[in-house]
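This one's a predicted model, so the numbers in the text were calculated from it and none came from an experiment.
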Amino acid sequence: MIPKYIKLLFCIPFLIIICHSVYLFTVYSSIPDIIPIHGYGNMKDSDGSKIFVVFPVLMNLAVLLFIWLIIRRPDKIKFTFEINEDEKEKTYRITQLALVIIAIFVTIMMTPLSFYDVVYK
């Protein structure tokens, strides 16, 4: 059973995504058709279509789905330490809370900050 406060806190990333998506939809027509796409490793920076501003939202939703699957079943996590039966519930709650905090952080990093120089200028 997932505590109610975990479910409520897990709504925060979705609120961020919804607000960002609404803002992105309102300014989408003012974004240039060609935007800079930054490469990594041996890939060079190049230009791409403005549809790329939607990809961080989609990737974020995939990451949130994965995190939610872990939150739902904390008993499937292979901890690097032994858990006593009397501390099991507390350990699971702390793990779920840490995963929610990670989800919020990932959402802030992947959604509004990913294309800050393209969308917010």
Side-chain angles (χ1 to χ4, degrees):
M1 182 77 182
I2 302 171
K4 190 173 184 175
Y5 72 94
I6 296 292
K7 291 178 183 178
L8 289 173
L9 286 174
F10 199 73
C11 290
I12 293 172
F14 290 101
L15 290 173
I16 294 170
I17 290 173
I18 289 169
C19 291
H20 175 71
S21 298
V22 167
Y23 177 76
L24 190 62
F25 181 73
T26 59
V27 299
Y28 190 77
S29 61
S30 65
I31 298 173
D33 290 333
I34 304 295
I35 61 171
I37 304 295
H38 302 290
Y40 58 91
N42 291 334
M43 296 176 56
K44 295 182 178 179
D45 291 346
S46 61
D47 296 327
S49 174
K50 70 180 179 179
I51 195 70
F52 282 111
V53 297
V54 178
F55 287 156
V57 175
L58 298 176
M59 288 187 316
N60 196 4
L61 290 173
V63 168
L64 289 178
L65 174 67
F66 179 71
I67 291 174
W68 180 250
L69 292 175
I70 297 172
I71 287 174
R72 281 185 44 216
R73 297 296 307 266
D75 56 323
K76 298 293 183 187
I77 299 173
K78 299 212 184 258
F79 291 100
T80 58
F81 52 90
E82 289 187 34
I83 303 172
N84 297 335
E85 252 339 281
D86 54 336
E87 295 178 357
K88 188 178 282 190
E89 206 60 34
K90 180 181 176 185
T91 304
Y92 289 165
R93 298 299 173 244
I94 291 171
T95 303
Q96 288 171 329
L97 183 61
L99 286 168
V100 168
I101 291 169
I102 290 170
I104 293 170
F105 178 75
V106 166
T107 302
I108 291 171
M109 294 306 292
M110 287 182 76
T111 313
L113 295 182
S114 293
F115 288 100
Y116 180 79
D117 57 336
V118 174
V119 177
Y120 300 111
K121 282 192 175 184

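Taking hydrophobic clusters as Ile, Leu, Val, Met, Phe, Trp and Tyr residues chained together by side-chain heavy-atom distances below 4.5 Å, Ile18 does not share a cluster with Met59. The cluster map of Ile, Leu, Val, Met, Phe, Trp and Tyr, joined by side-chain heavy atoms under 4.5 Å apart, puts Ile94 and Leu9 in different clusters. Note: the hydrophobic cluster containing Leu24 also contains Phe55 (ILVMFWY, side chain heavy atoms under 4.5 Å, direct or indirect links).
The list of salt bridge (charged side-chain N to carboxylate O under 4.0 Å, His left out) pairs with a residue in residues 92-112, not counting sequence neighbours, reads Glu89-Arg93. Under the salt bridge (charged side-chain N to carboxylate O under 4.0 Å, His left out) criterion, no residue pair touches residues 19-32, with sequence neighbours excluded. A side-chain hydrogen bond (donor to acceptor under 3.5 Å, both in side chains) check over residues 65-74, counting only residues at least two apart or in different chains, returns the pairs Arg73-Asp75.
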If you apply the rule side-chain contact (heavy atoms from CB on, under 4.5 Å), what do you find for Tyr92 with Ile77, and how did you get there? CA-CA 9 Å; Tyr92 289 165; Ile77 299 173; over 6 Å; no

Working note: Ile67 + Val63, criterion side-chain contact (heavy atoms from CB on, under 4.5 Å); need CA distance, chi angles, decisive distance, verdict. CA-CA 6 Å; Ile67 291 174; Val63 168; 3.9 Å; yes

Test side-chain contact (heavy atoms from CB on, under 4.5 Å) applied to Ile17 and Leu64, step by step: CA-CA 11 Å; Ile17 290 173; Leu64 289 178; 3.5 Å; yes

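In this structure, the separation between CD1 on Ile108 and CD1 on Ile12 is 9.0 Å, given to the nearest 0.5 Å.
Taking all atoms of both residues into account, the shortest heavy-atom contact from Pro3 to Gln96 is CD-OE1, 3.5 Å.
Under the rule for a salt bridge (charged side-chain N to carboxylate O under 4.0 Å, His left out), Lys7 has no partner lying at least two apart in sequence or in another chain. Evaluation of the salt bridge (charged side-chain N to carboxylate O under 4.0 Å, His left out) rule for Asp33 yields Lys50 as partners, not counting sequence neighbours. Partners of Glu85 by salt bridge (charged side-chain N to carboxylate O under 4.0 Å, His left out), not counting sequence neighbours, listed by chain and number: Lys88. Residues forming a ring pair (Phe, Tyr, Trp, His ring centres under 6.0 Å) with Tyr5 (at least two apart in sequence, or on another chain): none. Applying the ring pair (Phe, Tyr, Trp, His ring centres under 6.0 Å) rule to Phe25 yields no partners; only residues at least two apart in sequence or on another chain are considered. For Thr91, the side chain to side chain contact (heavy atoms under 4.5 Å, CB included) partners are Phe79, Phe81, Ile83, Glu87, Thr95, not counting sequence neighbours. With sequence neighbours left out, the side chain to side chain contact (heavy atoms under 4.5 Å, CB included) criterion links Ile51 to Tyr28, Ser49, Val54.
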All N/O donor-acceptor pairs, side-chain side in residues 99-106, below 3.5 Å, sequence neighbours left out:
none

